[in-house]
Colleague: 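Can you keep this structure in mind? I'll have questions shortly.
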Amino acid sequence: MKPWKTLEKETVFDASPYVSVSRQVVELPDGARIDDFYQVDLRPFVVVVPVLPDGRILVIWQYKHGLGRTSLTFPAGFVEPGEAPDDAIQRELMEETGYAAGAISNLGEFVDNGNQRGCTGNYYVATGCVQLGQPNSGDLEEMEIKTVHPAEIDRALASGDIGIIHHAAVWAMAKTRGLVPESAK
C-alpha cells in the first residue's frame, strides 16, 4: 500500500498551541484527487499507569469538561514544546500526584484518529512509585487522588467510569503486556 501525497496544505483555523485545522489537497495512489481533506492537530500528550511498590495503582478521580462528568483517570498532560515525552511523564506524575517513578516503561506512541490525526499520545507504565511531595498540578480540574487495587480499575472500565479512551487504552496495554499486577499485596 502506498501513502497518499499531500499536494497542498492550508491552515484554515489556528488556535495554537491548542488546536489547528488544515485543509489538504491529496492525491491517492490510483491518481484520484481529494481537494478538501481536513486534518486536526492537537497538542501531544502523555499518560501513565503508576504502580506502587505494593501493587496498588495510583488513580485520579476528576471532572473532565470534554466528558461533562467525573471520570477515573491516570496522571496525564501535555508535552511542552522542546520536552521529551519521557521527561513529560515524570513531570506530570510529580505535578499531579506528588509521586516519582522508580522506572518507566514506554508502551508506545499512538495517534487517536487514523484519518484526521487529532493528537499524538505517549503511553507509559511507571513502577516503584513513591511519594516525594504534594501534588501541585495547577490544573483547572478538581482532583481526588486514590490508591486502588487493579481489580477496581477493571470494574471502573467495565462500568463506564473510565470515560476517556486514552486512559482505557493505557490500562489495557499495561495489563496485556504484564506490566501491572493482577492483584495488590
Side-chain angles (χ1 to χ4, degrees), residues 15-19 41-112 118-157 159-175 177 179-181 184-185:
S16 295
Y18 303 103
V19 62
D41 285 304
L42 302 169
R43 291 175 73 183
F45 70 91
V46 292
V47 59
V48 63
V49 174
V51 182
L52 303 179
D54 67 2
R56 290 178 300 149
I57 310 297
L58 197 60
V59 298
I60 301 171
W61 278 93
Q62 61 183 321
Y63 172 81
K64 298 303 281 182
H65 195 61
L67 287 175
R69 67 179 174 89
T70 301
S71 179
L72 183 146
T73 66
F74 298 103
F78 293 126
V79 177
E80 298 299 331
E83 184 179 39
D86 286 3
D87 295 332
I89 203 56
Q90 296 279 20
R91 176 184 50 75
E92 286 292 341
L93 181 60
M94 181 60 71
E95 285 176 1
E96 292 190 356
T97 68
Y99 281 72
I104 60 169
S105 297
N106 187 327
L107 301 174
E109 179 179 275
F110 301 90
V111 173
D112 69 0
C119 50
T120 301
N122 285 269
Y123 296 69
Y124 293 87
V125 172
T127 54
C129 294
V130 294
Q131 189 169 15
L132 296 181
Q134 294 301 311
N136 185 18
S137 69
D139 286 344
L140 300 174
E141 298 98 355
E142 183 179 347
M143 298 179 183
E144 182 181 355
I145 300 166
K146 293 184 175 185
T147 56
V148 299
H149 293 269
E152 293 176 73
I153 299 171
D154 291 340
R155 286 192 294 275
L157 183 59
S159 70
D161 284 337
I162 299 176
I164 303 168
I165 191 62
H166 306 296
H167 297 264
V170 73
W171 180 245
M173 284 189 285
K175 286 194 70 161
R177 294 185 189 182
L179 296 173
V180 295
K185 297 174 188 169

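Keep in mind that this is a model prediction, so the values were computed, not measured.
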Colleague: For the atom pair CG (Asp112) and OG1 (Thr120), what is the distance rounded to the nearest 0.5 Å?
Modeller: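 That separation rounds to 8.0 Å.
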Colleague: State which residues pass ring pair (Phe, Tyr, Trp, His ring centres under 6.0 Å) with Phe110; sequence neighbours excluded, sorted by chain then number.
Modeller: Tyr123
Colleague: What heavy-atom pair brings Ala101 and Ile104 nearest, and what distance separates the two atoms?
Modeller: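 Where Ala101 meets Ile104 most closely, the heavy atoms are CB-CG2, 3.8 Å.
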Colleague: Test of understanding: with side-chain hydrogen bond (donor to acceptor under 3.5 Å, both in side chains), list the residues that count as partners of Arg91, not counting sequence neighbours.
Modeller: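 Per chain and number, Arg91 pairs via side-chain hydrogen bond (donor to acceptor under 3.5 Å, both in side chains) with Glu83, Glu95.
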Colleague: Do side-chain atoms of Tyr124 reach the backbone of Asp86 as a donor and acceptor pair under 3.5 angstrom?
Modeller: yes
Colleague: Using the rule given for side-chain contact (heavy atoms from CB on, under 4.5 Å), can you reason through Cys129 versus Leu58, listing the C-alpha separation, both sets of side-chain angles and the distance that settles it, and then say yes or no?
Modeller: CA-CA 9 Å; Cys129 294; Leu58 197 60; 5.5 Å; no
Colleague: Name all residues meeting the side-chain hydrogen bond (donor to acceptor under 3.5 Å, both in side chains) criterion together with Ser105; count only those two or more places apart in sequence or in a different chain, and write none if there are none.
Modeller: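 By the side-chain hydrogen bond (donor to acceptor under 3.5 Å, both in side chains) rule, Ser105 matches no residue at all.
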Colleague: Between Ser159 (side chain) and Ala156 (backbone), is there a donor-acceptor pair under 3.5 Å?
Modeller: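 Side chain of Ser159 to backbone of Ala156: a pair is present.
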Colleague: Can you name the nearest heavy-atom pair linking Pro17 to Arg43, along with the distance?
Modeller: O-CG, 2.6 Å
Colleague: For residues Val46 and Pro85, report the shortest heavy-atom separation together with the two atoms involved.
Modeller: CG1-O, 3.7 Å
Colleague: Run through Val48, Ile165, Leu107 and flag the one making a side-chain contact (heavy atoms from CB on, under 4.5 Å) with Val170.
Modeller: Leu107
Colleague: What I'd like to find out is whether the side chain of Val59 reaches to under 4.5 Å of the side chain of Phe74, using heavy atoms alone.
Modeller: yes
Colleague: At what distance, to the nearest 0.5 angstrom, does CZ of Arg69 lie from OH of Tyr63?
Modeller: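 If we round to the nearest 0.5 Å, Arg69:CZ and Tyr63:OH are 11.0 Å apart.
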Colleague: If I take atom OG1 from residue Thr97 and atom CD from residue Gln134, how far apart are they, to the nearest 0.5 angstrom?
Modeller: 10.0 Å
Colleague: Quick one: pull up CH2 in Trp171 and CG in Asp154 and give me the separation to the nearest 0.5 Å.
Modeller: 6.0 Å
Colleague: In Å, rounded to the nearest 0.5 Å, how long is the span from CD of Glu96 to CD1 of Ile145?
Modeller: 8.0 Å
Colleague: Considering only heavy atoms from C-beta outward, does the side chain of Leu179 approach that of Val51 to under 4.5 Å?
Modeller: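 No - every pair of side-chain heavy atoms lies 4.5 Å or more apart.
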Colleague: Under the rule for salt bridge (Lys or Arg N to Asp or Glu O under 4.0 Å), what residues qualify as partners of Glu109, not counting sequence neighbours?
Modeller: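 Partners of Glu109 under the salt bridge (Lys or Arg N to Asp or Glu O under 4.0 Å) test: none.
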Colleague: What's the shortest heavy-atom distance between Arg177 and Asn106, and which atoms?
Modeller: NH1-O, 4.4 Å
Colleague: Look up atom CD1 in Ile57 and atom CG in Leu52, then write down how far apart they are to the nearest 0.5 Å.
Modeller: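 That separation rounds to 7.0 Å.
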Colleague: Please assess Asn122 against Ile89 for the test side-chain contact (heavy atoms from CB on, under 4.5 Å), listing each intermediate value before the final yes or no.
Modeller: CA-CA 9 Å; Asn122 285 269; Ile89 203 56; over 6 Å; no
Colleague: For Gln131, check side-chain hydrogen bond (donor to acceptor under 3.5 Å, both in side chains) against everything at least two apart and list the hits.
Modeller: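 Testing Gln131 for side-chain hydrogen bond (donor to acceptor under 3.5 Å, both in side chains), a comparison that skips the adjacent residues, returns none.
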Colleague: Taking side-chain hydrogen bond (donor to acceptor under 3.5 Å, both in side chains) as the test, write out the residues that go with Thr73, two or more places apart.
Modeller: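 Listed in chain order: Gln62.
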Colleague: Is the closest side-chain heavy-atom distance between Pro50 and Pro75 below 4.5 Å?
Modeller: yes
Colleague: Of all the heavy-atom pairs spanning Gly163 and Ser71, show the shortest one and how long it is.
Modeller: N-OG, 3.0 Å
Colleague: Would you sort out whether Arg56 and His149 count as a side-chain contact (heavy atoms from CB on, under 4.5 Å), showing the intermediate values?
Modeller: CA-CA 5 Å; Arg56 290 178 300 149; His149 293 269; 4.2 Å; yes
Colleague: Search all heavy atoms of Glu92 against all heavy atoms of Ala76 and return the closest pair with its distance.
Modeller: OE1-O, 3.1 Å
Colleague: Start with the C-alpha gap between Leu132 and Met94, add the side-chain angles, then the distance that decides, and say whether side-chain contact (heavy atoms from CB on, under 4.5 Å) holds.
Modeller: CA-CA 8 Å; Leu132 296 181; Met94 181 60 71; 3.9 Å; yes
